[in-house]
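As a basis for the values below, the full set of heavy atoms in this structure was taken, side chains included, without hydrogen atoms, waters or symmetry mates. Not measured: the values here are computed from a predicted model.
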Number of protein chains: 2
Amino acid sequence: MAAKENLRPGGRSARVQASVHMAVRKLLQSLDRADVTIPLIAAEAGVTPSTIYRRWGDLQELLADVAVERLRPDMVPIDTGSARGDLEVWAEQYAEEMSSGIGRDMMRDVLAAQDSTNAYRCCGFTRDQIEAISDRATARGERFPAIDAVMDRVVAPIIYRILFGDAPSNERVRDLVSDAMAEQAATPQPSPASALKSA
Amino acid sequence: MAAKENLRPGGRSARVQASVHMAVRKLLQSLDRADVTIPLIAAEAGVTPSTIYRRWGDLQELLADVAVERLRPDMVPIDTGSARGDLEVWAEQYAEEMSSGIGRDMMRDVLAAQDSTNAYRCCGFTRDQIEAISDRATARGERFPAIDAVMDRVVAPIIYRILFGDAPSNERVRDLVSDAMAEQAATPQPSPASALKSA
DNA sequence: CCCATAAACGCAAATTATTTGCTTTTAGGC
DNA sequence: GCCTAAAAGCAAATAATTTGCGTTTATGGG
């Protein structure tokens, strides 16, 4: 039930997909998560419930599908002039978005789905953002840690804390960035792009 | 729907809880996750469905409740003679357990529930384990990084990778431990126990 | 030890969600 | 423009969830 691949791209099928996604987003704004049901979504989207059941399987898959769209970054990381500044600003904003009620819910939706493809894609978005910062750094002639190191030392702690405990403060996020950047300074490995692409 | 607090501890209530938990565990062994329903669990447990609905609310909360029990560590971290060895062995075992199908499912269940208390408790279990290793280290006169540092640099990357990508290899887990221990060596902060308790 | 009280459970009816067989619409290839 | 099959609609059948009400049974106070 990928609902993304092997799907007729044109006409009605795409219209239904858009309509259902929009309905989900609209309903999630006004209603409590537990009150959003497939029949409700279907009514809002002007579609019969069985269409949704057949295409997405169940509510969780649909919510995951919608969530992963919303988690896709809509802009390139802000250019502050330095790699450290770029990463710091990006990480703070990322932490804030993800720890907000909406961000938390979307992560929950993505992780709750049986199909783990969405989670994987989600991780790829983040990696791409960091890669953009990294590329800019090397273009400037700055050193930058390996992408994986940033994922491990900045992204992972932020997300772990949001999921399992309390959202990290801006100060802590800055500390994480500091540690990651320091690590790079000690280790002479300015290799720019050896990472795996995604999505 | 905590199903844990304000619950009559004695007699029938406890019996029902135990029976339902056992039924869930049994059914999860033989059936696919998607085929486990509340009526099924109720039948297996010898209880009416409405009892489960009233006590846990929905399937996800029940699954989370069962999962968190199973995620509770059943033993103290192995004593290898050194803090580094302790952490290394513990981390490898932890990563392996969590990346197994069962571990992954349990984490999913815990995170998918509306009630985030379970996730928080889950994190507390892990923290307690690391604290035990830390305490043993200071008792031996060894230095050891702050608990939070280990959570950020070892636990968080392991879990992040399991949830959003691929399970980390043993080698990578060892590297994470190395980094965490090295950090401690550079920073003179042997403060033993300043962490927050849980559960 | 027994009684009063309220929590938890069982039962069954009512509601709501999900599945499914079949028909109709329609995108994509010839 | 016509086939073909994927996707959608419709409605009946099935299954899950909610709810009102009566019964059982912990728990606390006499």
(Q) If I take atom CZ in residue B/Arg12 and atom P in nucleotide D/dT23, what distance separates them, rounded to the nearest angstrom? (A) 14 Å
Q) Among C/dA17, D/dA26, D/dC10, which nucleotide sits nearest the side chain of A/Thr48? A) D/dC10
(Q) Once rounded to the nearest 0.5 Å, what's the spacing between atom CG of A/Asp109 and atom CZ of A/Arg70? (A) 9.5 Å
Q | Interatomic distance where CD1 belongs to B/Ile38 and C1' belongs to D/dT18 [whole Å] | A | 12 Å
Q) Does the side chain of A/Asp79 come within less than 4.5 Å of A/Arg140's, by heavy atoms? A) yes
Q) Is the CD1 atom of A/Ile78 crowded by more than 12 outside heavy atoms at less than 6.0 Å? A) no
Q.
A side-chain contact here means heavy atoms from C-beta on lying under 4.5 Å apart; do A/Glu44 and A/Ser19 qualify?
A. no
Q) Is B/Arg55 near enough to C/dC9 that one of its side-chain N or O atoms lies under 4.0 angstrom from OP1 or OP2? A) yes
Q.
In whole Å, I'd like the distance from the CZ atom of A/Arg15 to the C1' atom of C/dT26.
A. 9 Å
Q: Would you mind telling me which of B/Asp148, B/Val154, B/Ile147 makes a side chain to side chain contact (heavy atoms under 4.5 Å, CB included) with B/Val150?
A: B/Val154
Q. OP1, OP2 of D/dA26 versus side-chain N and O of B/Ser13: anything below 4.0 Å?
A. no
**Q.** Integer-rounded Å distance: C/dA17 P and A/Trp56 CH2
**A.** 18 Å
**Q.** Atom pair distance, as rounded to whole Å: CD1 in B/Ile41 and P in D/dA16
**A.** 11 Å
Q) Choosing from C/dC9, C/dA17, C/dT25, which nucleotide comes nearest the side chain of A/Pro39? A) C/dA17
Q. Would you call B/Arg84 and B/Ser178 a side-chain contact if the rule is heavy atoms closer than 4.5 Å?
A. yes
(Q) Just verifying a value: how many Å separate B/Trp90 CH2 and B/Ile130 CD1, rounded to the nearest 0.5 Å? (A) 4.0 Å
N/O to N/O distances under 3.5 Å, protein versus nucleotides 19-21 of chain C:
{"residue": "C/dG21", "atom": "O6", "partner": "A/Arg54", "partner atom": "NH2", "Å": "2.5"}

Q) Does A/Leu59 or B/Val47 map to a spot on DNA chain C nearer the 5' end, using the closest nucleotide for each? A) B/Val47
Q: Starting at atom CD1 of B/Ile52, determine the distance to atom P of C/dA8, rounded to an integer number of angstrom.
A: 15 Å
Q: Round to the nearest Å and state the distance from A/Leu40 atom CG to C/dA17 atom P.
A: 7 Å
